[in-house]
Visitor: 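Can you keep this structure in mind? I'll have questions shortly.
The structure presented is a predicted model; accordingly, all values stated were derived computationally and were not measured. Lettering follows sequence order; numbering is per chain, from 1.
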Amino acid sequence: MANESMTIRDNADAKIVDVNEDLGSYAAADLRKAIDRLINEASQQIVVNLSQVQHINSTAIGAMVGAAKRLRQNNGDLKVYGLADNLKRTFDLVGASSVLEIYNSESSALAAF
Amino acid sequence: MANESMTIRDNADAKIVDVNEDLGSYAAADLRKAIDRLINEASQQIVVNLSQVQHINSTAIGAMVGAAKRLRQNNGDLKVYGLADNLKRTFDLVGASSVLEIYNSESSALAAF
Amino acid sequence: MTQAEKTEQEILKFTVPSCLEYIRPIQVFIGQLAQQLGFCRTRIYDIELIIDEVCSNAIEHGSETPNSGIDLTLMFDSSKLEIHVRDKGKCVQGNWLATGRLDEVSQKMTPDSERGHGIFLAEKLSDSLEILTNPLGGTDVQVVFYFSPSNDS
Amino acid sequence: MTQAEKTEQEILKFTVPSCLEYIRPIQVFIGQLAQQLGFCRTRIYDIELIIDEVCSNAIEHGSETPNSGIDLTLMFDSSKLEIHVRDKGKCVQGNWLATGRLDEVSQKMTPDSERGHGIFLAEKLSDSLEILTNPLGGTDVQVVFYFSPSNDS
Ligand SMILES: Nc1ncnc2c1ncn2[C@@H]1O[C@H](COP(=O)(O)OP(=O)(O)O)[C@@H](O)[C@H]1O
Ligand SMILES: Nc1ncnc2c1ncn2[C@@H]1O[C@H](COP(=O)(O)OP(=O)(O)O)[C@@H](O)[C@H]1O
């Protein structure tokens, strides 16, 4: 499980995290670390691209919810886009859809900062 | 494991068997039955389309070798086409490549009867 | 093989070390089995999700070391698929995870809480969830998925 | 997780009924594990093929009834993946499958023979194959795949 499973891109002030593998418990820890690193490097605007993700679990969703809350304390935010139907359903079930801003495309996510 | 996993098409005097699932031991029995039924119904020219098959085992290969031998006794034959590299390697290893006629396309398999 | 062809109960067992790396192989095994049993895609997705949540808990909260190991038992007959996940516990005094505590976990859960959604999801997406203390001092989590015409496809 | 990160031996165990239907789930489990361990695609294909051949044999030739069951043990460390498949035998008098007989099987094999290629493939595609009579009166088939730079990708 190499780390090409997650790549980071720059777009103006935002960092885009492309997740290239399913976010089970093992990969969720990687995602949490990647986001923490960005926040420590003073990124305030983070977009997570979930379009390549087929499975997600509550730990991975929790990591994104936690990061969004921390970023908002400094007027930043974490937004997500590209959720397949099953992923969206899981976000809805755990209530994350009402906490996180979810977009259909990268451009709309970026435009919303 | 429903039976849409194998469909039979007609082309002039030949019957074409499209295999739509991997040919492990479980499915190999289905293939053997399907071919036996065709032979019992007096088909002499059988073409097996393996282009949708990612895995095959020795039982499935054996079923095709056996059928080819029986058909040849009545001037018929069983030909195969559409083998991915890994499948071809397995055919080579068990010596089936020297017994069965293997083609790249359906048209060349049919033309060779 | 469809569930209708199986009248007796079939039992499959696994033992794996308590490492998150084994969850994905377990998921693909159970996903493949569920597909062969005729569950629809959405239901297979839910089953795989619950496996992840329950096994993660058994590894993170119910295993002292990676060598502790977790045991899975899959059982199915013509009416249902049942999955039991057993851990050996962390040797804490008195197992807190009684029914009362489970309610507590669910009640504490708010949309913006970062954790505590695993058991909630298992409860929501399965047809039955039971959490029991086992003789090894660990926890048995048992989830059931019924076959139903609307769930199959 | 790559094999380099695992220094100790990890052990995983499965028990499944003696039915061909379970071979595909077992294959996807081991295929996923082999991928995580860093085996290349061709090698994963070979591992899955051998699993099919060895398990089919254990079910067809080494199981009295579907309930007999077969046991799989997967073991790996930093140098190799080892797979043991155990059956309980058919209670025939004296187990014929000794080394001598295995040679016989391979020698009898001609390209146009319809059967008898399973053990041959397991021997060709693994780094080591051992066939042993076990205390249950059945057969243990043990295959080993070494990690090697040319096999990983
Ligand atoms: N197998 C287990 N052994 C011990 N404690 C457990 C087990 N499963 C769950 N728990 C407890 O239940 C709590 C809620 O679990 P869960 O809803 O999955 O959320 P999370 O694991 O994210 O905390 C856990 O924090 C843990 O304290
Ligand atoms: N687990 C086993 N128990 C008993 N006999 C076995 C076992 N595995 C293989 N054999 C014997 O070895 C022979 C060769 O096996 P194999 O090469 O896989 O070919 P096939 O299964 O197609 O006959 C089988 O026909 C069977 O008699």
Side-chain angles (χ1 to χ4, degrees), chain C residues 1-39 44 47-48 51-52 55-56 58-59 63 65-78 81-86 88, chain D residues 1-39 44 47-48 51-52 55-56 58-59 63 65-78 81-86 88:
Chain C
M1 176 179 61
T2 65
Q3 69 279 15
E5 290 164 29
K6 297 277 168 202
T7 47
E8 285 176 50
Q9 194 180 48
E10 299 266 303
I11 302 179
L12 289 75
K13 287 173 181 292
F14 292 74
T15 303
V16 302
S18 298
C19 302
L20 297 175
E21 292 96 314
Y22 300 116
I23 293 180
R24 191 70 201 125
I26 291 169
Q27 277 181 311
V28 296
F29 182 104
I30 296 178
Q32 175 69 31
L33 184 71
Q35 186 192 319
Q36 292 177 195
L37 290 172
F39 281 105
I44 294 171
I47 294 172
E48 291 192 6
I51 289 301
D52 182 332
C55 291
S56 304
I59 292 167
S63 299
T65 71
N67 290 331
S68 303
I70 60 169
D71 298 326
L72 277 90
T73 307
L74 312 186
M75 281 166 286
F76 63 89
D77 56 24
S78 55
L81 169 64
E82 205 168 326
I83 303 173
H84 294 193
V85 179
R86 159 167 290 192
K88 298 174 190 75
Chain D
M1 176 178 64
T2 65
Q3 70 278 15
E5 290 163 27
K6 297 279 169 202
T7 46
E8 283 177 51
Q9 194 181 50
E10 300 266 301
I11 302 178
L12 288 73
K13 288 175 180 291
F14 293 73
T15 303
V16 303
S18 298
C19 302
L20 296 175
E21 292 97 312
Y22 300 117
I23 293 180
R24 190 72 199 123
I26 291 169
Q27 277 181 314
V28 297
F29 182 104
I30 296 178
Q32 175 70 29
L33 184 70
Q35 186 192 319
Q36 292 176 195
L37 289 173
F39 282 106
I44 294 170
I47 294 172
E48 292 191 5
I51 289 302
D52 181 331
C55 291
S56 304
I59 291 166
S63 299
T65 71
N67 291 330
S68 303
I70 60 170
D71 298 326
L72 277 92
T73 307
L74 312 186
M75 282 165 284
F76 63 90
D77 56 25
S78 55
L81 169 65
E82 205 169 323
I83 303 174
H84 294 193
V85 179
R86 160 167 289 192
K88 299 174 189 74

Visitor: Any side-chain heavy atom of D:L12 sitting closer than 4.5 Å to one from C:P17?
Guide: yes

Visitor: Parallel under 30°, tilted from 30 to 60°, perpendicular over 60°: which one fits the rings of D:F14 and C:F14?
Guide: tilted

Visitor: Identify which of C:N67, C:V16, C:V28 forms the greatest number of heavy-atom pairs closer than 4.5 Å to chain D.
Guide: C:V28

Visitor: Mind checking what makes side-chain contact (heavy atoms from CB on, under 4.5 Å) contact with C:T15, not counting sequence neighbours?
Guide: C:D71, D:K13

Visitor: Measure C:I30 against the heavy atoms of chain D and call it side chain, backbone, both or neither at under 4.5 Å.
Guide: neither

Visitor: Would the distance check show the side chain of D:Q36 and the main-chain N or O of C:E21 forming a donor-acceptor pair, the cut-off being under 3.5 Å?
Guide: yes

Visitor: Residues in side chain to side chain donor-acceptor pair (under 3.5 Å) with D:S63, at least two apart?
Guide: D:S18

Visitor: Taking the side chain as everything from C-beta on, heavy atoms only, tell me whether D:Y22 gets closer than 4.5 Å to C:E10.
Guide: yes

Visitor: From C:L33 CG over to D:R24 CZ, what is the distance, rounded to the nearest 0.5 angstrom?
Guide: 13.0 Å

